Q: 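What follows is a structure written as structure tokens; I'll ask about it next.
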Number of protein chains: 2
Amino acid sequence: MATIRDVAKLAGVSVATISRYLNKSGYVNVETEQKIKKAIEALNYEPNAVARGLAGKKTNTIALILPDISNPFFPELARAVEDVASMYGYTVILCNSDDEGVKEKSYIEVLKKKYIDGIIFASNTLDSADVEQMTKKGIPVVCLDRVPPKQSCSVVRSKNREGAKLAVEHLLSMGCRKIAHIYGPQEFITAKERLVGYEEAVKHLAWYSPTFMVQGDFRIEGGIRATELLMERHPDVDAIFAGNDLMAVGALKALHRMGVQVPGQVAVCGFDGIGMTEITQPELTTVAQPIYEMGALVSRILIKKIEGTLEADQTYELDVALVPRESTLRRNGHESS
Amino acid sequence: MATIRDVAKLAGVSVATISRYLNKSGYVNVETEQKIKKAIEALNYEPNAVARGLAGKKTNTIALILPDISNPFFPELARAVEDVASMYGYTVILCNSDDEGVKEKSYIEVLKKKYIDGIIFASNTLDSADVEQMTKKGIPVVCLDRVPPKQSCSVVRSKNREGAKLAVEHLLSMGCRKIAHIYGPQEFITAKERLVGYEEAVKHLAWYSPTFMVQGDFRIEGGIRATELLMERHPDVDAIFAGNDLMAVGALKALHRMGVQVPGQVAVCGFDGIGMTEITQPELTTVAQPIYEMGALVSRILIKKIEGTLEADQTYELDVALVPRESTLRRNGHESS
DNA sequence: TAAGCATGTGGTACCGGTTACATATAAAAT
DNA sequence: ATTTTATATGTAACCGGTACCACATGCTTA
């Protein structure tokens, strides 16, 4: 591989001029430019990114730290992040934290040593102290679904509370009268907000009781167990709003095993809008987050922050949308009217 | 951040000694070692990975080039790759090629400039010339499901032909008598091999005709269309073996829309073993590839190759396993006997 | 006793870029 | 006519490591 010095020699100018030409920093005469172009062409020169990184402390690399890429929520997000990153000339390093603080911190250490330009966190373990420390060290951070108390970084999230209300309203409009909720682990803000949204939407209703809320684990298995518990406790439930799609799938499975008709006897609604919801039988109604857009946005924000064109840190709350499908379709609903 | 020179100064030795200590190359006196340890501790010194990369042309970074992380086959693979990579101290860069040669080549260019240590290809566009060129430039490559004619790199794949036969045999044993096949795009070797396996397994049967093979696109939509075409052509089909799980899901959807009972009238079997197969209704029988193991293996091989402990390039053919589930469960099958 | 070798350490060129600073020329401003 | 100013280019230090080579010491071996 040719180096910048080779090019300088062949073009008959100094390395500084080549560098200036390459980075469009400083003056370069048009004729000199031509000579340089030719030399570069002739030598098939490509500037070395690592050397650049060392000299300029900029590597055009960002990291995406998420709990687990196998979790169906994240592939689409990752895809979006990578799409816009590559569009802006950045490369993406993938890290699976399993939501374990230790792993996260160890990744952060490695990434710092690699002069990574910025980090996207889609994780719940991170505490605001970490974020602050990162920012202090000059590493831009953008978070997903996490609001560090002291707003030390930008955040992208979606309207969980509103989404939960949408779900409940939809179920009510479909004629459901006893709507239960399977909520996710309360250390996840998303789970908490959705639970709050649900409560706000149903607490004024006559039948309301805290026993209609059961804990799940944001996974299929937890959805199954929660549904079993729920149906035992309240055999008269006619709708289940699950805190995420995986648990809704679990609910579907559990109800099917029990011989309960969906949506006939019990309607089911999920949250997230992952692809899976389209392949269940019946297809699953869900409150869809704009997953790809969230990834694209978070990536764009990070890059802006890296390149210094971001005015101030901000929280972006994206709209969610109810996607009505078969699992909540009740002929006696008001929606049809 | 402290540098190696700071440490050297504080410890009262030369940078060379520090470097030797850090890399355990060459001699370092035990007492000197203690002094160095103290200095490193005191300064909270961490060697700079970029500088190391520049000096040693080794970055402890590998790249994973795959068509699309959103495709449900890949997240688990990516997870496995990252797991073992991080276990060995490597970091993973994620690249989505969309199976487009241009994108792949452009990624390769970028990665070379970054002194990446090796590449894992899970892509079908790459031709053997590319692989050879990489290897010539000293960048280790390992491929997934791709056999470059000239064995210039290691390959990890699974037994597609055998898997297809397993599927057909299973369907036959469940009492199916007219088994159709939806095959994937023939530029994918996997698709081709599965088709061959199917043909070999059914061609000697009385009912066999090429019209039982329909083309799909390896996606849900293609599975739906192929199934529609198929059922119109052969209303007497009693089993569909799809070339991958996504198309099998499509088949399930299409059959459900047509009011055809699965597995009652038509049994459905997929291929791959992605998570989706467990959430369909009925749950989908599939020929499971050991996806995680494939990712782990391919990653381990690459790292061995990078570290020079791999004797020779080799092709690893992993076993597949039939996972019988509800979608092929027929009471009149022999399996129960 | 001299050569040979394992141990231990330092000096410094090198990896391949960036960039501050010095320098030079021609045109514009005073 | 002199000072500015914009244009243009080169020199060399620097980023933070690695590693080759030189050199010193103490002990074994011929």
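Please read these numbers as outputs of a predicted model, since none were measured by experiment. Just so we're on the same page: letters track the sequence lines, and every chain starts at 1.
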Q: So do B:E187 and B:D99 actually touch side chain to side chain, heavy atoms under 4.5 Å?
A: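 No, every pair of side-chain atoms sits at 4.5 Å or beyond.
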
Q: Going by an N to O cut-off under 4.0 Å, is there a salt bridge joining A:E41 and A:K38?
A: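 So A:E41 does not pair with A:K38 through a salt bridge.
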
Q: Do NZ/NE/NH1/NH2 and the carboxylate oxygens of A:R79 and B:D98 come within less than 4.0 Å?
A: yes

Q: For the pair made of NZ in A:K114 and P in D:dG16, what is the distance, rounded to whole Å?
A: 18 Å

Q: Check whether any side-chain heavy atom of A:L318 sits under 4.5 Å from a side-chain heavy atom of A:Q289, and report yes or no.
A: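 A side-chain contact under 4.5 Å is absent here.
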
Q: Walk me through it: do A:N60 and A:Y88 pass the test side chain to side chain donor-acceptor pair (under 3.5 Å)?
A: CA-CA 9 Å; A:N60 281 278; A:Y88 285 91; over 6 Å; no

Q: Side chains of B:Y115 and A:N48 only: does a donor on one sit below 3.5 Å from an acceptor on the other?
A: yes

Q: Please enumerate all protein N or O atoms sitting under 3.5 Å from an N or O of nucleotides 25-29 of chain C, with distances to 0.1 Å.
A:
none

Q: Mind checking whether A:Y316 and A:M294 have side chains closer than 4.5 Å, heavy atoms only?
A: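 SC-SC contact between A:Y316 and A:M294 ruled out.
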
Q: If the sugar-phosphate is the primed atoms plus P, OP1 and OP2 and the base is the rest, what is the B/S/- string for nucleotides 7-17 of chain C, using protein heavy atoms under 4.0 Å?
A: BBBBBB--BBB

Q: Can you check the B:K9 NZ to D:dG16 C1' distance for me, whole Å?
A: 14 Å

Q: Could you give the OH-to-P distance, from A:Y21 to C:dT18, as a whole number of Å?
A: 13 Å

Q: Under 6.0 Å from the six-membered ring centre of B:Y21 and within 45° of its axis: does the NZ or CZ of B:K24 meet both?
A: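 That pair qualifies as a cation-pi contact.
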
